[in-house]
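The structure appears right after this line, and notes come after that.
Throughout, a chain's letter reflects where its sequence line sits, starting with A, and its residues are numbered from 1. Everything numeric here is computed off the predicted structure, so don't read it as measured data. Side chains included, hydrogens not; waters and symmetry mates left out as well; all remaining heavy atoms used.
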Protein chains: 2
Amino acid sequence: MDHGKPREADHPEGSDVIDLGRLEIRPDEYAVTVDGERLALTVRELQLLVALARRRDRIVTREELYAAVWRKPYRPDERSVDVYVRKLRRKLAFALPGWEFIHTHFGFGYRLSPSHSQVFHTPATRG
Amino acid sequence: MDHGKPREADHPEGSDVIDLGRLEIRPDEYAVTVDGERLALTVRELQLLVALARRRDRIVTREELYAAVWRKPYRPDERSVDVYVRKLRRKLAFALPGWEFIHTHFGFGYRLSPSHSQVFHTPATRG
DNA sequence: GGGCGGTTTCACAGCTTCTTCACAGGAGGA
DNA sequence: TCCTCCTGTGAAGAAGCTGTGAAACCGCCC
């Protein structure tokens with residue numbers, strides 16, 4: 001007897017697969033893959049990544065992220081979000097060098113958008 | 001030799017043979033073989049192995065495993081799954097040295113995937 | 001009853017992850 | 001440029017999870 005997985009119940013805007021290009025997230029399976037290979041994340045890391053990914057391309061405040069992941073009252077001096085953003089950035093940078101996923105918006109919060117970082121020498125941009 | 005058996009596939013239930021390389025499971029016959037030789041497992045051990053094998057390569061929570069094998073309400077401090085994972089690991093390690101089958105996902109659960117035991121961790125990203 | 005194999009529970013060691021802190025580094029405005 | 005506030009980061013202790021041996025428990029058979 002398969003009891004179905006709790007989906008929408010647990011996850012606000014639940015979808016089975018979040019496609020971020022080479023990065024793929026399957027929240028219901030606790031799985032994050034890069035080019036099909038599994039990326040090892042801890043519980044918090046996964047939760048935060050999912051929370052960001054579900055709000056893709058939008059600036060999300062720390063407070064909203066904290067509410068989504070930690071589910072307890074947010075203190076204004078809370079730094080957990082920052083710390084886990086760093087952890088995620090490191091793992092993602094290792095798995096996908098040259099890509100940037102989590103962008104900082106000073107004074108506002110974070111935004112997840114897969115994008116190439118121009119760390120390599122590039123010919124001047126021309127219109 | 002291999003006449004019309006339903007291939008084990010992605011569908012959890014109703015698989016006749018689960019092929020894990022040198023390890024083969026025939027749930028309907030209560031049989032587990034290594035290189036064709038029968039491996040002696042107790043009922044619980046077999047049930048747990050089958051439950052994991054039918055969810056191959058996926059992280060399975062203790063709760064789901066407990067539901068599949070024990071079929072009674074799961075207490076959050078329940079340790080039976082861990083104990084039987086250990087029993088299975090021991091017997092499998094003895095039968096197939098150098099292979100690892102049951103992987104722990106801290107905070108999530110267990111995952112069955114046949115793989116060589118190499119130290120092959122993500123060197124990055126801790127702390 | 002006593003022995004036997006299997007199952008469940010228990011206690012604790014060991015390890016991983018989470019939270020918090022302190023300070024360094026940057027961004028933005030005056 | 002200087003000052004202030006915000007974010008990045010490493011480290012350390014706290015908290016939580018898993019591994020493990022052994023004892024307790026259970027049903028079955030002699």
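The NE2-P distance, from A:His103 to C:dA27, rounds to 16 Å in whole Å. Straight-line distance from the CD atom of A:Glu78 to the P atom of C:dT19: 8 Å, rounded to whole Å. Rounding to whole angstrom units, CZ of residue A:Arg75 and C1' of C:dC21 are separated by 11 Å. C:dT8 atom P lies 14 Å from atom OH of B:Tyr74, rounded to whole Å. Following rounding to the nearest Å, B:Lys87 (NZ) and D:dT20 (C1') show an atom-to-atom distance of 11 Å.
For A:Arg79, the side-chain hydrogen bond (donor to acceptor under 3.5 Å, both in side chains) criterion is met by no residue, not counting sequence neighbours. Judged as a salt bridge (Lys or Arg N to Asp or Glu O under 4.0 Å), and not counting sequence neighbours, the contacts of A:Arg26 are A:Glu24.
Within the 4.0 Å cut-off from OP1 or OP2 of C:dT19, at least one side-chain nitrogen or oxygen of A:Trp70 is found.
Identified under the salt bridge (charged side-chain N to carboxylate O under 4.0 Å, His left out) test for residues 38-47 of chain B, with sequence neighbours left out: B:Glu45-B:Lys91.
No donor-acceptor contact under 3.5 angstrom links the side chains of B:Tyr66 and B:Arg75, judged on distance only. Residues A:Ser80 and A:Glu78 bring a donor and an acceptor atom of their side chains to less than 3.5 Å of each other.
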Quick test: give all pairs of protein nitrogen or oxygen and nucleotides 14-18 of chain D nitrogen or oxygen below 3.5 Å, distance rounded to 0.1 Å.
unit_1: D:dT18; atom_1: OP1; unit_2: B:Arg62; atom_2: NH1; d: 3.1
unit_1: D:dT18; atom_1: OP1; unit_2: B:Arg62; atom_2: NH2; d: 3.4
unit_1: D:dT18; atom_1: OP1; unit_2: B:Gly107; atom_2: N; d: 3.2
unit_1: D:dT18; atom_1: OP2; unit_2: B:Arg62; atom_2: NH1; d: 3.2
unit_1: D:dT18; atom_1: OP2; unit_2: B:Arg62; atom_2: NH2; d: 3.4
unit_1: D:dT18; atom_1: O5'; unit_2: B:Arg62; atom_2: NH2; d: 3.3

Table of protein N/O atoms under 3.5 Å from nucleotides 21-24 of chain D N/O atoms:
unit_1: D:dG21; atom_1: OP2; unit_2: B:Arg86; atom_2: NE; d: 2.9
unit_1: D:dG21; atom_1: OP2; unit_2: B:Arg86; atom_2: NH2; d: 2.1
unit_1: D:dG21; atom_1: OP2; unit_2: B:Arg90; atom_2: NH2; d: 3.4

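The aromatic rings of A:Trp70 and A:Tyr84 stand perpendicular to each other, their planes meeting at an angle above 60°, with 30° marking the opposite boundary.
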Let me see the working for B:Glu100 and B:Arg89 under salt bridge (Lys or Arg N to Asp or Glu O under 4.0 Å), right down to the final yes or no. CA-CA 8 Å; B:Glu100 275 177 11; B:Arg89 276 175 172 162; over 6 Å; no
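For the segment residues 39-48 of chain B, the set of residues with a heavy atom within less than 4.0 Å of an atom of DNA chain C comprises B:Thr42, B:Val43, B:Arg44, in numerical order.
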